[in-house]
Amino acid sequence: MTSSDALVRVATARGVTTLTLNSPHNRNALSTPLMTELLAGLSAAVADDAVRVVVLDHAGPVFCSGADLKETAAAYASGTVPAGMLGDVLAAVWECPKPVVARVAGPARAGGLGLIAAADLAVCAQEATFAFTEVRIGVVPAVISATVLPRLAPRAAAELYLTGDTFDGRRAAEIGLVTTAVPADGLDAAVERVCASLVRGAPHALAGAKALLRRPPAADLRAEIAELAAVSTGYFLSEEGREGVLAFREKRDASWVPTA
């Protein structure tokens, strides 16, 4: 299979691996083959120390139309549907120890919104459109709720889950589905700026920061502070911490900042 035939194209430059959904004929629907390739791409990026950031991109005008309904309909005879694999994909993105950035230039629907929400940061074109269309075909946005609901304002989630109405990039940013919405002609520059900032972070520190963002609320504040103080001390005394402090004092880039 050539790169052009792949359902997920992979390219790496300056510490950033871009995984491009490459199934425009069905609007980048989340078929089992596509999700299999996406999981493989994520796994390879995690294993490669040279990769510091992962970008989720798309070929064609549509980011992702959600589940592959043609595949789903064909699976009815077996009494199962392939939606379960989507959970593995969302978990892999959410748990990725490296920052994941979604680049959204066009429409996203249903499961595609779960993918966007699973990413740490998401930059979309203001003109991009979004919708939780599940109730309109007699199903519910169950699996994607694991990543979507922690992002969305509750009132917005209720409105959009129940109506299935379409909303644009500006609204997506307002309610927390994406990090920022920019004019379409500024999308690439905005994603590049985000990636340029992310690769300046130390690899283990970035993973640690992601872990902090996933911590559940603490019942005992003082115990939480004591535990976090120990975490902070560990990072300051680590090899990365020592190098980072020295680089700051010497007014130079730290050793982990990509140069090529």
Side-chain angles (χ1 to χ4, degrees), residues 19 21 28 30 35 38-39 42 53-58 62-67 83-136 139-182 187 190-191 193-195 197-198 201 206-218:
L19 303 177
L21 306 184
N28 292 319
L30 296 168
M35 289 190 288
L38 183 54
L39 285 170
L42 283 166
V53 178
V54 177
V55 173
L56 299 179
D57 200 354
H58 61 101
V62 176
F63 176 79
C64 178
S65 60
M85 190 176 187
L86 175 58
D88 294 332
V89 172
L90 298 183
V93 175
W94 186 271
E95 295 171 352
C96 178
K98 301 177 181 184
V100 180
V101 180
R103 175 192 176 278
V104 186
R109 298 289 185 270
L113 278 67
L115 194 57
I116 292 168
D120 298 290
L121 302 171
V123 183
C124 78
Q126 293 172 347
E127 299 84 351
T129 62
F130 307 84
F132 297 97
T133 52
E134 287 86 348
V135 294
R136 297 193 177 187
V139 298
V140 296
V143 176
I144 67 171
S145 289
T147 58
V148 168
L149 292 183
R151 305 292 192 195
L152 294 194
R155 284 294 190 185
E159 173 200 349
L160 299 170
Y161 267 38
L162 298 175
T163 65
D165 285 347
T166 301
F167 54 103
D168 65 11
R170 292 182 180 85
R171 181 88 193 280
E174 289 171 0
I175 64 177
L177 178 64
V178 303
T179 310
T180 188
V182 299
L187 180 61
V191 172
R193 283 195 298 272
V194 168
C195 291
S197 293
L198 290 171
L206 286 170
K210 288 193 62 167
L212 288 175
L213 292 168
R214 305 289 189 259
R215 286 174 69 93

(request) Verify side chain to side chain contact (heavy atoms under 4.5 Å, CB included) between R103 and L187, making sure each step is shown before the conclusion. (result) CA-CA 8 Å; R103 175 192 176 278; L187 180 61; 3.9 Å; yes
(request) Could you go through the side chain to side chain contact (heavy atoms under 4.5 Å, CB included) check for V178 and V123 one step at a time? (result) CA-CA 6 Å; V178 303; V123 183; over 6 Å; no
(request) Could you please spell out the steps behind the side chain to side chain contact (heavy atoms under 4.5 Å, CB included) verdict for W94 and R214? (result) CA-CA 9 Å; W94 186 271; R214 305 289 189 259; 2.9 Å; yes
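L160 is not listed as a side-chain neighbour of F130, based on a closest heavy-atom distance of 4.5 Å or more. A 4.5 Å side-chain heavy-atom check between D168 and Q126 finds every atom pair outside the cut-off. Side-chain atoms of L198 and V101, non-hydrogen and from C-beta on, do get closer than 4.5 Å to each other. Within the 4.5 Å cutoff, side-chain heavy atoms of T166 are placed close to those of R109. Taking the side chain as every heavy atom from C-beta outward, L21 and C64 approach each other to under 4.5 Å. The closest side-chain heavy-atom distance from D165 to R136 is below 4.5 Å.
Heavy atoms only, all atoms of each residue included: I144 and A110 are closest at CD1-O, 3.5 Å. Taking all atoms of both residues into account, the shortest heavy-atom contact from V104 to H58 is C-NE2, 4.0 Å. Heavy-atom minimum distance, G169 versus C124: CA-SG, 3.6 Å. The two residues G176 and L152 make their nearest non-hydrogen contact at C-CD2, 4.3 Å. Taking every heavy atom of both residues into account, A156 and R171 meet most closely at CB-NH2, 4.0 Å. Heavy atoms only, all atoms of each residue included: A181 and A173 are closest at N-CB, 4.2 Å.
A donor-acceptor pair under 3.5 Å is formed between the side chain of K210 and the backbone N or O of C96. Between the side chain of T147 and the main chain of G114, a donor-acceptor pair closer than 3.5 Å is present. Checked by atom type and distance alone, the side chain of T129 never pairs as donor or acceptor with a backbone atom of F167 at under 3.5 Å. A donor-acceptor pair under 3.5 Å links the side-chain atoms of D120 to the main chain of V100, judged by distance alone.
The line from CD1 of I116 to CG of L56 is 9.5 Å long, rounded to the nearest 0.5 Å. Rounding to the nearest 0.5 Å places CG of L38 at 9.0 Å from CE of M85. Atom CG of L86 and atom CE of M35 lie 6.0 Å apart (nearest 0.5 Å). Summarising the geometry, atom CZ belonging to R151 is positioned 12.5 Å from atom CG belonging to L113; distances are rounded to the nearest 0.5 Å. Note that CG of D57 is 9.5 Å distant from CG of L19, once rounded to the nearest 0.5 Å.
Using cut-offs of 30° and 60° on the angle between ring planes, the pair F132 and Y161 is tilted.
Under the side-chain contact (heavy atoms from CB on, under 4.5 Å) test applied with V194, the options T179, T180, V53, L121 reduce to a single match, L121.
For R155, the CZ atom counts as loosely surrounded, since its 6.0 Å shell holds 12 or fewer non-hydrogen atoms of other residues, nucleotides or ligands.
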